[in-house]
Amino acid sequence: MVLGWVNEANLRLFFQLLKQRGVADKNRLDFWLKYINQVSWTKLVLGDDTHKYFSHNKEMAKIFENEKESFSRLNGESSLDAFIMKIGNYLIVEFSTEGGCYIYKDGENSFNPEANILSASTSHGGLKEKRKWTGSPDIVHKPGWQSRAESKLLGLSIFPDFDNNVQNLIQPKFINDFSSPSLEVNIIEKACKDAEKLARSCGIRTENLLYKHGSYWVYFDRETGPVANKLKELGFIFKAGKGWWLK
Amino acid sequence: MNWIAKLLRRDDNILNAKSESEILSLPESNISPTFCNEGVLYSFPDLIKFAQSPNGLLEWAANPQYGSLCTLYLAQLVEEGIAQISENSFLLVWSDIYYLHTSEDHIDSIYLLGLPKIKKSILSLVEKGTLSDSNFTISLNGYIDPQGRLVNANKMGAIFTKGNESWLASAAEWMLISRIMDFEIASSVGTSQTDREVHWVELGKRP
């Protein structure tokens, strides 16, 4: 069983690695964290330069050694790494630096994402094989890419977490450890989903800023009444002039 | 009607031992709603005066000389924290209206409010300029009818009017409309490209 927190940990590990190598891209980490609850499987695919980097950085090497089941080797372009994640019926291959991002529908890819060695090539079996028939990556990380990427994902019926009623059908993360922060996250997610459902039925806007360590907001600027009572029950806190928040 | 049962169960005898049939014999309504961007208003002279004394609103609303089932219902909605008093008007903001439509306690009483029925529409948006333009705007320019034609309609808050027909937008459509209104307000005070992109993505989450 793949646990949700493993996927998030892998995603963070991937971007931590990029940061350590001087290719920081917090925007991309923040972007994909918005979808993290829908990620059902992940794999890190690391190129030669990263493996060389490990030989100089024992601390990172140790972290990756502990997680070695989660990563494969990338052949082809030594400077590239990739992060593969599965969301719904799609396999998303996010490359480091300028590699772009490719989205494959189930069965569209000929490479085996679970293989120990993968290739970055655009040929049959390569992680960029789609480029042969589309001419460019599905997401190019140029300024303003986030809104284009979000629209692209919307077109595939992939919505950010909490904006997706289908989200209710996804198995919740569960860790049998009551001291675990993940359990707390799970309770907050549940409260936010319930609040989202309530807000939608009443035409009340919400905003999820949890992905950037902010709050989940329900823009209902009233402290009393049945809707306010329900939000209070869910653990939300009232801020006059704005609405109810939880984090 | 659950709200009448709630009134009758009160210990303070606010309705002077009126029976349910006596309450139901009140005229159904003596007021027509008016619509504004914020919600629905029911205005009465001196309403604020009655609202200021304890139970004054319910006593006034149940008095056959001034009241009706509609006013009594509105007064009960104030008691429940749903409706508000705004000067000499009862105010139900749009989220209150949608809440009432989802509440089992209220579903059989909404008709007393004299509101148009909810009708789902395919809203049509028009963009001017691109997200990199400081004067980029996005607005609602009507709805698409079942034949796929763009139709203009007057809008006030969540109420659409076309000729003699009025209807209430669905809750999801109201969320989109309010996002557009926010975008218009934000544009009028100047926004960065990032702000415009964020709003544009929000608008992309259309019903």
Side-chain angles (χ1 to χ4, degrees), chain A residues 27 30-31 34-35 142-167 194-209 211-212 214 217-232 238 242-244, chain B residues 2-3 38-39 76-84 86 91-107 118 130-132 136 157-158 168-183 192-207:
Chain A
N27 289 337
D30 288 344
F31 180 82
K34 287 197 290 180
Y35 298 86
K142 287 187 176 165
W145 66 270
Q146 290 98 325
S147 57
R148 290 190 295 274
E150 190 156 342
S151 298
K152 176 92 192 171
L153 294 170
L154 281 175
L156 303 175
S157 296
I158 299 174
F159 301 88
D161 297 341
F162 307 119
D163 285 334
N164 189 350
N165 288 334
V166 178
Q167 187 71 11
D194 289 349
E196 166 87 16
K197 199 174 164 192
L198 172 71
R200 279 193 175 213
S201 69
C202 299
I204 299 167
R205 290 176 47 213
T206 59
E207 189 172 20
N208 178 13
L209 300 173
Y211 72 94
K212 55 177 185 183
W217 281 94
V218 178
Y219 294 118
F220 181 69
D221 188 12
R222 203 184 308 164
E223 202 175 2
T224 55
V227 172
N229 291 343
K230 180 66 185 165
L231 291 168
K232 212 180 291 176
F238 181 66
K242 195 167 178 184
W244 294 79
Chain B
N2 286 337
W3 63 274
E38 203 179 358
Q76 175 63 18
L77 290 178
V78 173
E79 287 276 306
E80 290 182 29
I82 299 171
Q84 303 162 70
S86 174
L91 168 66
L92 285 161
V93 299
W94 297 113
S95 58
D96 298 329
I97 300 290
Y98 293 115
Y99 169 76
L100 294 174
H101 279 85
T102 61
S103 165
E104 284 182 12
D105 278 355
H106 295 280
I107 198 71
I118 291 178
T130 65
L131 287 170
S132 56
F136 173 77
L168 175 62
S170 69
E173 288 158 11
W174 167 244
M175 281 168 74
L176 176 64
I177 293 165
S178 60
R179 279 178 185 146
I180 293 169
M181 286 161 64
D182 273 7
F183 190 91
S192 68
Q193 182 170 343
T194 309
D195 292 337
R196 290 190 291 276
E197 284 173 358
V198 168
H199 277 97
W200 185 81
V201 168
E202 282 292 310
L203 289 169
K205 297 170 190 170
R206 296 173 62 170

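Each chain gets a letter, A, B and so on, in the order the sequences are listed, and its residues count up from 1.
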Checklist entry - For chain B, which of A:Asn229, A:Thr224, A:Ile204, A:Leu198 has the most heavy-atom pairs under 4.5 Å? => result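 The residue among A:Asn229, A:Thr224, A:Ile204, A:Leu198 with the greatest pair count is A:Ile204.
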Item to check | Heavy-atom closest contact (B:Ile118 atom, B:Ser170 atom, distance) | outcome: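 Here B:Ile118 and B:Ser170 meet closest at CG2-CA, 3.9 Å.
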Checklist entry - Taking it one step at a time, do B:Val93 and B:Gln84 satisfy side chain to side chain contact (heavy atoms under 4.5 Å, CB included)? => result CA-CA 9 Å; B:Val93 299; B:Gln84 303 162 70; 3.8 Å; yes
Item to check | Worked check of side chain to side chain contact (heavy atoms under 4.5 Å, CB included) between A:Arg222 and B:Asp96 | outcome: CA-CA 11 Å; A:Arg222 203 184 308 164; B:Asp96 298 329; 2.9 Å; yes
Item to check | Pairs of heavy atoms under 4.5 Å with chain A: top-ranked of B:Tyr99, B:Trp174, B:Trp94 | outcome: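 Going by pairs under 4.5 Å, I would pick B:Tyr99.
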Checklist entry - For B:His106, which residues count as a ring pair (Phe, Tyr, Trp, His ring centres under 6.0 Å) partner, sequence neighbours excluded? => result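 If we apply the ring pair (Phe, Tyr, Trp, His ring centres under 6.0 Å) test to B:His106, skipping adjacent residues, the hits are B:Tyr73.
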Checklist entry - Given a strict heavy-atom distance threshold of 4.5 Å, which part of B:Thr102 is in contact with chain A: side chain, backbone, both, or neither? => result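 Answer is side chain: those atoms of B:Thr102 sit under 4.5 Å from chain A.
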